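The block underneath contains the structure these notes are about, expressed in structure tokens.
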Amino acid sequence: MSVRVRFAPSPTGNVHIGNIRAAIFNWLFARHEGGKFLLRVEDTDRERSTQEAIDTLLGCMAWLGLDFDEPTVFQSKQCARHLAVADELVRKGLAYKDNKGGGGECVIFRMPKEGRLEYTDLVKGTIKKKAEDTQDFVIVRSDGTPVFHLSNVVDDIDMAITHVIRGDDHVENTFKHIELFKAIGAPVPLYAHLPMIVNNQGKPYSKRDGAAFVGEFKEQGYLPDALFNFLLLLGWAPGDDREVLTREEMIALFTLDRCKSSAARFDVKKLVWMNGEYIRRQPREVFEAEFVSRVQAGGLSTEGVDLAGIMEQMQIRTKFYSELPASCAYFFTDAYAFDPKAVEKRLKVEGVTALLDEVAESYAALPIFDVQTAHETLTAMGESRGTGLGSMVHPVRVAVSGLTEGPGLFEMLVLLGRDKVCARLRDVAKRLRDGSL
RNA sequence: GCGCCCAUCGUCUAUCGGUUAGGACACAAGGUUUUCAUCCUUGGAAGCGGAGUUCGACUCUCCGUGGGCGCGCCA
């Protein structure tokens, strides 16, 4: 039997990370089994299911590389079929009409009244329930529209779905769905329920807890592969100590029996780490393309700089592309911004103005200007002044970059070049004197 | 209230009856009186409680406790 799974979201304009994780697990399962991954848009709520919402959904899937194997099914187009199935169930006596609500006649499905219901969940094991603890439920509303349970099951039958992999919140519904499959006379698929993603309080993770939608992570500069990998590790582990996995490794290793059945807390710190990990592992050409486009988007030119050297320094310390170009603008322009706190702490200090001029003078006099000579010069100055290297390094860094963070100071100076370094040191000294900084 | 499910470091997790309970994130210290980052080393940090089964339970069973989910003519 060939595996067929589906991702069945209702398009609301946002794609929640819990939902997309279900898509990821379905996709990985299909790819691991050599089966089909399908998309069904549950767009029965016509108000919210706009074309824009559907585009957002498709965009998120494409961004994460979740390609599907057959044309998208739109649930709204299957309505007549759902109702026909309901009629058939009524005809067979497996469902009945009722008008308890007073709003007209609805169709209600009969659940077993005695005995035990149970099914084997591929991640949670055997789930049992007494028939008496279940209730008949509406499958067609009195306005003639089919209810979720009916539509969902009929569509799964029509799409020949073999495994239903979805969120934990559906475990109870599964008893209803299985009875529907049986009543309709269709083979019951296998089920796997994924644990929820929760916040620090153990409640379902929502927008109140931070970024909760795929689009937000994209905007904040997360890489799709980093988000994908991170979400996979929420509820699944390969069994060895690997955490950063290639897509190929994930596909090869993914099995449902390695999924956890307890809820996972969303820890953004680990996602941040993983994003940096992914940026560092990108081939230099890929980093370069993104780096250059960010720098240029910031109105900066990459002409006349040691781009390769700058990128070498920046790739290992960039956690988000959105930090660019602010974190390295000083490499590309003399009109770089000064961090006010850094100015206060490192430049507006007794003796610094003179120090900057002195450093510029020493650097200008060097026969060659490289990492070693730049370093030695400052060390020697620190010794002769009896203040040590630390008291020189910080003011110089802030003067030439405006920031307190960045590459090693001497690597940074060499990348800037002696002329710019000396000019900036003198200029900052001047501005400190005339109070314009 | 009734039903279902879940429970290992602060967090994500490994372990599928016998381990000094391992790894990662985060944190702390060191390599590094130049920051941040990278890299390396080191450190602290866990089996919810109680019974039972067993020669031996984190692991199996039961009872508690705590948490989550479900109980719509929402999906």
Side-chain angles (χ1 to χ4, degrees), chain A residues 8-10 12 42-45 48 75 98-108 117 121 124-125 127-130 132-135 137-149 151-152 167-176 193 195-198 200-204 230 232-244 257-258 260-274 276-277 280 312-319 327 342 346 375 378-379 382 387-398 401 403-412:
Chain A
S10 44
T12 61
E42 306 213 328
D43 57 345
T44 50
D45 182 342
R48 301 171 78 185
Q75 191 164 66
D98 193 289
N99 64 348
K100 267 192 207 127
E105 226 170 32
C106 64
V107 179
I108 297 177
L117 305 179
D121 190 292
K124 303 178 90 74
I127 315 248
K128 301 173 186 166
K129 203 176 184 85
K130 290 204 259 318
E132 63 194 74
D133 290 324
T134 67
Q135 290 180 331
F137 58 96
V138 173
I139 54 175
V140 179
R141 300 186 189 89
S142 48
D143 68 0
T145 58
V147 167
F148 162 74
H149 303 296
S151 303
N152 195 266
D168 226 350
D169 48 336
H170 282 299
V171 296
E172 305 278 336
N173 288 337
T174 303
F175 291 104
K176 296 176 180 176
H193 288 96
M196 313 220 100
I197 296 177
V198 300
N200 292 331
Q201 285 77 245
K203 307 281 185 193
F230 175 75
L232 173 61
L233 259 26
L234 251 34
W236 180 87
D240 54 33
D241 289 337
R242 279 180 290 178
E243 299 218 308
V244 180
D257 60 12
R258 293 213 60 84
K260 285 251 300 183
S261 54
S262 52
R265 276 180 169 72
F266 184 89
D267 178 16
V268 76
K269 290 236 184 80
K270 187 154 184 174
L271 209 206
V272 171
W273 163 77
M274 190 164 280
E277 199 69 17
R280 256 171 265 129
E312 184 185 351
Q313 290 294 329
M314 294 312 295
Q315 184 164 7
I316 57 170
R317 68 188 75 239
T318 297
K319 286 246 189 316
S327 61
R346 301 296 187 190
H375 195 329
L378 276 207
T379 303
T387 56
L389 194 56
S391 63
M392 333 227 11
V393 153
H394 297 297
V396 171
R397 169 185 295 284
V398 175
S401 75
L403 305 173
T404 56
E405 300 173 2
L409 178 63
F410 305 109
E411 283 78 6
M412 178 199 286

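Lettering follows sequence order; numbering is per chain, from 1. Because the structure is predicted, anything quoted here is derived from the model rather than measured.
In this structure, A:Thr404 reaches the bases: a heavy-atom distance under 4.0 Å links it to at least one base atom across the strands shown. A:Gln313 comes within 4.0 angstrom of no nucleic acid atom, judged by non-hydrogen atoms across all strands. As judged by a 4.0 angstrom heavy-atom cut-off over every strand, A:Arg258 is placed among residues touching the sugar-phosphate backbone only. Residue-level contact check: A:Glu42 touches the backbone only, with heavy atoms under 4.0 Å from sugar-phosphate atoms and none from bases. Using a 4.0 Å heavy-atom cutoff across all strands shown, A:Lys130 reaches no nucleic acid atom at all. Within the 4.0 angstrom heavy-atom criterion, no nucleotide atom of any strand lies near A:Gly382. Counting non-hydrogen atoms under 4.0 angstrom, A:Asn173 reaches a base of the nucleic acid. Contact annotation for A:Gly406: base contact, defined as any heavy-atom pair under 4.0 Å involving a base atom. Across all strands shown, A:Arg280 has heavy atoms under 4.0 Å from sugar-phosphate atoms exclusively, and none from any base. Counting non-hydrogen atoms under 4.0 angstrom, A:Ile127 reaches the backbone sugars and phosphates but no base. Counting non-hydrogen atoms under 4.0 angstrom, A:Phe410 reaches a base of the nucleic acid. Base engagement by A:His149 is indicated by at least one non-hydrogen atom pair under 4.0 Å involving a base atom. Among the protein residues, A:Pro204 comes within range of the sugar-phosphate backbone only, with heavy atoms under 4.0 Å from sugar or phosphate atoms but none that close to a base.
A:Asp168 places no side-chain N or O within donor-acceptor distance of the main-chain N or O of A:His193, the cut-off being under 3.5 Å. A:Arg397 places a side-chain N or O within donor-acceptor distance of the main-chain N or O of A:Pro407, the cut-off being under 3.5 Å.
Mapping A:Leu389 and A:Ser10 onto RNA chain B by nearest heavy atom places A:Leu389 closer to the 5' end of the strand.
Atom pair A:Lys129:NZ and B:C5:P shows a separation of 8 Å (rounding to whole Å applied). In this structure, CD of A:Glu312 is placed 20 Å from P of B:C36, rounded to the nearest angstrom. The separation between A:Lys270 atom NZ and B:U13 atom C1' is 7 Å, rounded to whole Å.
Taking the six-membered ring where the residue is Trp, the centroids of A:Phe148 and A:His170 are separated by under 6.0 Å.
Checking B:C5, B:U35, B:U15 against the side-chain heavy atoms of A:Arg397 singles out B:U35 as nearest. Side-chain proximity of A:Ala264 to the nucleotides B:U13, B:C25, B:G3 is greatest for B:U13. Nearest nucleotide to the A:Ser142 side chain, out of B:C73, B:U34, B:C4: B:C73. In the set B:C73, B:A7, B:U34, the nucleotide with an atom closest to the side chain of A:Ser262 is B:A7. Of the candidates B:A75, B:C39, B:G22, the closest approach to any side-chain atom of A:His170 belongs to B:A75. Closest to the side chain of A:Glu172, out of B:C73, B:C69, B:C36, is B:C69.
Residues A:Ser151 and A:Gln75 come closest through the heavy atom pair CB-NE2, 3.4 Å.
Atom name P, nucleotides B:C5 and B:G43: the rounded distance is 42 Å, in whole Å.
Looking only at side-chain heavy atoms (C-beta outward), A:Lys124 and A:Ser261 come within less than 4.5 Å of each other.
Using the Watson-Crick or G-U wobble rule with both distances under 3.5 Å, B:U32 pairs with nothing in any strand shown.
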List the steps, then state whether side-chain contact (heavy atoms from CB on, under 4.5 Å) holds for A:Phe410 with A:Val396.
-> CA-CA 10 Å; A:Phe410 305 109; A:Val396 171; over 6 Å; no
